[in-house]
J.: 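The structure that follows is given in the form of structure tokens.
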Amino acid sequence: MSDLLIERRDGVLDITFNRPHRRNAFTRAMYGELRQLWTDTAADPAVRVVVLRGAGGQAFAAGNEISDFVETEDVVEYETWIREMLDGLFTLPQVTIAAVDGVCVGGGLAVATSCDLRVATVASRFGYPIARTLGNALSSPVLYRCAAVFGESLTREMLLASRLVGADRAYAAGAVLACVDDREALDAEVAGLVDGIRRASPVTLRVTKEQLRARALVTETAPPDEEQLLREVYGGPDFAEGVRAFLAKEKPSFGKG
């Protein structure tokens, strides 16, 4: 089975992250396929809506496949490549929906916040617990996008306190537009959204997305010294310890370098 299940029907592009045994963690190959998919979809006027889901009922996506970092010569360059994929998703002319059922953390949250709309089951949780796991850092545009969606207070809680935010609090903050009981209700909510979007003016939707994109370019641009900061993080002892401990299934011991 493919790690990405893709289905096109009635103007809808359905994408399912299909690695439930790894909580749908993203591999380099998945990111590459998604990059190309966004390029193809942006040029396809037959697609009106893009819906993203996670298989298995336990996770939307639980970050990146950590072993890929070990096999990557330049991790900062790899993170930049991933961010370009996220930008491709964010700039799609179609309306994008993240249907979250379960854990949505790390790279999974970056994908969800790059979508236009989010809906979630009540058991879903969101966060960036990287200060307790990998000892890395987000790129500024990904951090700013999270703050734009969840608000600065919840974003600080996610990153500085390493706490996951429940779907009820995400709904209260406006980060998700619906918080429903289970997967069946989630599918019904998505179907209702899709139906309304397909009956809406494509011109209005496209122009609105372009306007919001222009705003994001002003408020979510990385500072000029971003690359240097990230190279210090990814080349430092905490990230090395985080990767080692994760692969060894141990708790990391940070702050020794």
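Atom set for the values below is all heavy atoms of this structure, side chains included, hydrogens, waters and symmetry mates excluded. This structure is a prediction, so every number in the text was calculated from the model and none was measured.
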J.: Is Asp74 close to Tyr78 at the side-chain level, that is, under 4.5 Å between some pair of heavy atoms?
T.: no

J.: So does Glu71 have more than 12 non-hydrogen atoms from other groups sitting under 6.0 Å from CD?
T.: yes

J.: Please say whether more than 12 non-hydrogen atoms of neighbouring residues, nucleotides or ligands are located less than 6.0 Å from CZ in Arg213.
T.: yes

J.: Same cluster for Leu177 and Val49 if Ile/Leu/Val/Met/Phe/Trp/Tyr side chains link at under 4.5 Å?
T.: yes

J.: Of all heavy-atom pairs between Ser139 and Arg83, which one has the smallest distance, and what is that distance?
T.: OG-CD, 3.4 Å

J.: Over all heavy atoms of both residues, which pair between Gly107 and Tyr31 is shortest? Give the atoms and the distance, please.
T.: CA-OH, 4.1 Å

J.: Which distance, rounded to the nearest 0.5 Å, do you find between the CG of Leu138 and the CE of Met158?
T.: 10.5 Å

J.: As a quick check of understanding, evaluate side chain to side chain contact (heavy atoms under 4.5 Å, CB included) for Thr113 and Phe150, giving each step before the final call.
T.: CA-CA 9 Å; Thr113 53; Phe150 280 84; 3.9 Å; yes

J.: Within the supplied structure, the quantity of interest is the number of heavy atoms (other residues, nucleotides, ligands) at a distance under 6.0 Å from Arg22 CZ; does it exceed 12?
T.: no

J.: Establish whether Val12 and Leu92 are linked, either directly or via other cluster members, by ILVMFWY side-chain heavy-atom contacts under 4.5 Å.
T.: no

J.: Can you get from Phe17 to Ile6 by hopping between Ile, Leu, Val, Met, Phe, Trp and Tyr side chains that sit under 4.5 Å apart?
T.: yes

J.: Do the rings of Phe239 and Tyr234 sit parallel, tilted or perpendicular, given the 30° and 60° boundaries?
T.: perpendicular

J.: Does Arg118 reach the main-chain N or O of Ala98 with its side chain, forming a donor-acceptor pair under 3.5 Å?
T.: no

J.: May I ask you to decide if Ser140's main-chain N or O and Glu226's side chain share a donor-acceptor pair within less than 3.5 Å?
T.: yes

J.: Same cluster or not: Leu154 versus Val149, using hydrophobic residues (I, L, V, M, F, W, Y) connected whenever any side-chain heavy atoms lie under 4.5 Å apart?
T.: yes

J.: Looking only at non-hydrogen atoms, find the nearest pair between Ala59 and Asn24 and report the distance.
T.: O-ND2, 2.9 Å

J.: Considering all heavy atoms of both residues, which atom of Ile97 and which atom of Cys115 are nearest to each other, and what is their separation?
T.: C-SG, 4.3 Å

J.: Please round to the nearest 0.5 Å and tell me the distance separating atom CG of Leu89 and atom CD of Glu84.
T.: 14.0 Å

J.: Please report the shortest heavy-atom distance between Phe126 and Ala167, naming the atom on each side.
T.: CE1-CA, 4.0 Å

J.: Treating Glu33 as the side-chain partner and Leu4 as the backbone partner, does any N or O pair qualify as donor plus acceptor under 3.5 Å?
T.: no

J.: Closer than 3.5 angstrom, by distance alone: can the side chain of Ser2 be matched with the main-chain N or O of Leu5 as a donor-acceptor pair?
T.: no

J.: According to a 4.5 Å side-chain heavy-atom criterion applied to Ile, Leu, Val, Met, Phe, Trp and Tyr, with indirect links allowed, do Leu229 and Val75 form part of one hydrophobic cluster?
T.: no

J.: Looking at CG of Asp101 and CG of Asp187, how far apart are the two atoms once the value is rounded to the nearest 0.5 Å?
T.: 8.5 Å

J.: Which is it for Arg28 and Thr72 under the side chain to side chain donor-acceptor pair (under 3.5 Å) test, yes or no, and what are the steps along the way?
T.: CA-CA 10 Å; Arg28 178 188 291 271; Thr72 299; 2.7 Å; yes

J.: Using modelled atom types only, decide if a donor and an acceptor are shared between the side chain of Lys209 and the backbone of Val95 within a distance under 3.5 Å.
T.: no

J.: Looking at Glu7, is its backbone amide N or carbonyl O close enough to the side chain of Asp14 to form a donor-acceptor pair, meaning the two atoms are under 3.5 Å apart?
T.: no

J.: What are the two closest non-hydrogen atoms of Leu205 and Ala200, and how far apart are they?
T.: CD1-CB, 4.1 Å

J.: What do you reckon, is CZ of Arg53 surrounded by more than 12 foreign heavy atoms closer than 6.0 Å?
T.: yes

J.: Give a yes or no on this: more than 12 heavy atoms of other residues, nucleotides or ligands lie within 6.0 Å of atom CZ of Phe90.
T.: yes

J.: When you compare the side chain of Val111 with that of Leu86, does any pair of heavy atoms fall below 4.5 Å?
T.: yes

J.: Determine yes or no for a side-chain-to-main-chain donor-acceptor pair under 3.5 angstrom, with Asp116 supplying the side chain and Thr96 the backbone.
T.: yes

J.: Are the side chains of Met30 and Arg19 in contact, using a 4.5 Å heavy-atom criterion?
T.: yes

J.: Are any side-chain N or O atoms of Tyr128 and backbone N or O atoms of Ala110, one a donor and one an acceptor, separated by less than 3.5 Å?
T.: yes

J.: Tell me, do Arg48 and Pro202 make a side-chain contact under 4.5 Å, heavy atoms counted?
T.: yes

J.: In terms of heavy-atom contacts, does CZ of Arg23 have more than 12 from other residues, nucleotides or ligands at under 6.0 Å?
T.: no

J.: Is any side-chain heavy atom of Val50 less than 4.5 Å from a side-chain heavy atom of Trp38?
T.: yes

J.: Does atom CD of Glu77 have more than 12 heavy-atom neighbours, drawn from other residues, nucleotides or ligands, at distances under 6.0 Å?
T.: no

J.: Can you tell me how far CD of Gln94 sits from OG1 of Thr41, rounded to the nearest 0.5 angstrom?
T.: 6.0 Å

J.: Could you tell me whether a side-chain N or O of Arg198 sits under 3.5 Å from a main-chain N or O of Asp10, the two making a donor and an acceptor?
T.: yes

J.: What's the separation between atom CD in Glu250 and atom CZ in Arg244, rounded to the nearest 0.5 Å?
T.: 4.5 Å

J.: Output the distance between atom CG (Leu217) and atom CG (Asp87), rounded to the nearest 0.5 Å.
T.: 7.5 Å

J.: Give a yes or no on whether the backbone of Phe254 and the side-chain of Glu241 come within a donor-acceptor separation of less than 3.5 Å.
T.: no

J.: Would you sort out whether Glu227 and Thr80 count as a side chain to side chain contact (heavy atoms under 4.5 Å, CB included), showing the intermediate values?
T.: CA-CA 9 Å; Glu227 183 174 345; Thr80 300; over 6 Å; no

J.: Is there a side chain to side chain contact (heavy atoms under 4.5 Å, CB included) between Phe69 and Leu134 once you walk through the steps?
T.: CA-CA 11 Å; Phe69 286 120; Leu134 284 183; 4.2 Å; yes

J.: Do Leu143 and Leu159 have side chains that approach each other closer than 4.5 Å (heavy atoms only, starting at C-beta)?
T.: yes

J.: Please lay out, stage by stage, how Tyr144 and Thr221 fare under the test side chain to side chain contact (heavy atoms under 4.5 Å, CB included).
T.: CA-CA 8 Å; Tyr144 299 158; Thr221 299; over 6 Å; no

